[in-house]
Amino acid sequence: MTGTTVCRTVVAIALTATLAGLTGCTSSGGPADGGPGGSASPAATPQPSAPSSTAPPSPSLTGPSAEALRAVERATGRAGSARVESTTVIGSELSLKAAGALGWRDDGLTGTLTITYTGGTTAETMRRLGTTAMEARYLPDAYYAEVGDEFADRVGGRHWIKYVYEDLEDLGGGAGAGFADEMRNTTPNQAVKLLLTAEDVRRVGEEKTRGRRTTHWTGTVGGATAQTVDIWVDDRDLLVKKVERGRTENGELTQTAYYSEYGVTVSAERPPAADTADFKELLASQGG
């Protein structure tokens, strides 16, 4: 594998780890530019299109539904952390599952997820590099992705790749524009904020979710590139389940997440510096 392909694969790991957190239909996408063997360039971020920041805002929801959803938004925000289990499928490009604990405070997103690649062309690329699962550690300024021994051999023997959010903002062609803000704002109540912009949001009814009584809400967001958001909320106004469906540049996206143990203690340590390769320096060394 050439140095250029390695770099593109590194970028794919970064964006995959981001998706495996809590992003879904909340992010902006760009034109596809997939590389050979399933590797992805920055512009091939497998995320659906969403209204741009310059587009007119969607009408704000009002009435009893709005009051109920804003209560969910406040309760989930105050909880500050939770255990997360999620699955993500993006066309034939990628499928994965993630599990761990994440925290959201004033200083940003923190926590640790174990991400397992379960299918798709990106997963095949990772398998050829000896990586079928990895740990992702999220800190307020950066996140770290663990790689296997075979991949580490290609980056100076180091087993962690560090991605500073601001460095990802500087990716060529504007591919990383807004990345830092998206990561800092990635919390479970983001789905509630989306529903508050939907004109067709409605209460589906009472349902059992993993043995718990919940209220199911659904709505369509995104205008011309319609995406559906469904949430299930318990009697404490906390999210129990979220499903987002939308169209990405790489195919249909479906992401399902379950939340539990709100308020759980969350920790994420920086890996040893001697065992860490910096994403920006890695790109520079490979001529990226």
Side-chain angles (χ1 to χ4, degrees), residues 1-23 33-42 44-47 84-102 111-139 142-165 167-168 171 175-176 179 183 248 250-251 253 255 268-283 285-286 288:
M1 183 177 289
T2 66
T4 299
T5 304
V6 169
C7 287
R8 296 179 74 173
T9 303
V10 170
V11 173
I13 295 172
L15 300 176
T16 296
T18 303
L19 273 173
L22 300 175
T23 59
D33 184 23
S39 298
S41 71
T45 311
Q47 299 175 354
V84 182
E85 301 172 53
S86 68
T87 59
T88 304
V89 178
I90 307 160
S92 61
E93 181 80 15
L94 175 68
S95 61
L96 58 82
K97 60 183 180 180
L102 294 173
T112 301
L113 292 177
T114 299
I115 299 165
T116 304
Y117 299 93
T118 57
T121 53
T122 298
E124 289 302 317
T125 301
M126 298 311 299
R127 287 191 185 96
R128 290 197 294 271
L129 290 167
T131 299
T132 57
M134 73 175 193
E135 182 178 305
R137 298 182 185 179
Y138 299 83
L139 287 97
Y143 80 96
Y144 297 78
E146 186 182 29
V147 297
D149 291 339
E150 185 174 343
F151 195 105
D153 288 342
R154 301 173 184 272
V155 290
R158 289 165 290 182
H159 292 83
W160 292 88
I161 310 295
K162 175 184 179 181
Y163 304 95
V164 177
Y165 301 137
D167 290 345
L168 292 172
L171 286 173
F179 193 95
M183 287 300 297
T248 81
N250 298 77
L253 177 144
Q255 185 183 68
E269 297 182 0
R270 296 183 191 274
D275 198 25
T276 301
D278 185 272
F279 164 76
K280 188 174 183 179
E281 294 176 0
L282 184 61
L283 280 185
S285 69
Q286 298 288 340

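Just so you know, these numbers come straight off a predicted model, no measurement behind them.
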Looking only at heavy atoms, what is the nearest atom pair of [X] and [Y], with distance?
X	Y	answer
Pro271	Thr276	CB-OG1, 3.7 Å
Glu150	Arg128	OE2-O, 3.1 Å
Gly157	Asp275	O-OD1, 3.7 Å

Fill in: Short side-chain to backbone donor-acceptor contact, Asp167 and Lys280, under 3.5 Å
no
Worksheet item: Counting distance only, does the side-chain N/O of Thr131 pair as donor-acceptor with the main-chain N or O of Arg127 below 3.5 Å?
Response: no
Side-chain heavy-atom pair [X], [Y] within 4.5 angstrom cut-off:
X	Y	value
Asp149	His159	yes
Tyr117	Thr132	no
Glu135	Thr112	yes

Fill in: Partner set under side-chain contact (heavy atoms from CB on, under 4.5 Å) for Thr118, not counting sequence neighbours
Ser95, Lys97, Thr116
Working to the nearest 0.5 Å, report the span between [atom1] of [X] and [atom2] of [Y].
X	Y	atom1	atom2	value
Trp160	Tyr143	CH2	OH	12.0 Å
Arg137	Glu269	CZ	CD	6.5 Å
Leu94	Thr121	CG	OG1	7.5 Å
Asp278	Ile161	CG	CD1	9.0 Å
Leu102	Tyr138	CG	OH	7.0 Å

Worksheet item: Going by distance alone, is a donor N or O of one side chain under 3.5 Å from an acceptor N or O of the other, for Glu93 and Thr122?
Response: yes
Practice prompt. Please determine, by modelled atom types, if Arg270 and Tyr144 share a side-chain donor-acceptor pair under 3.5 angstrom.
Written response: yes
Worksheet item: Residues in salt bridge (Lys or Arg N to Asp or Glu O under 4.0 Å) with Arg158, at least two apart?
Response: none
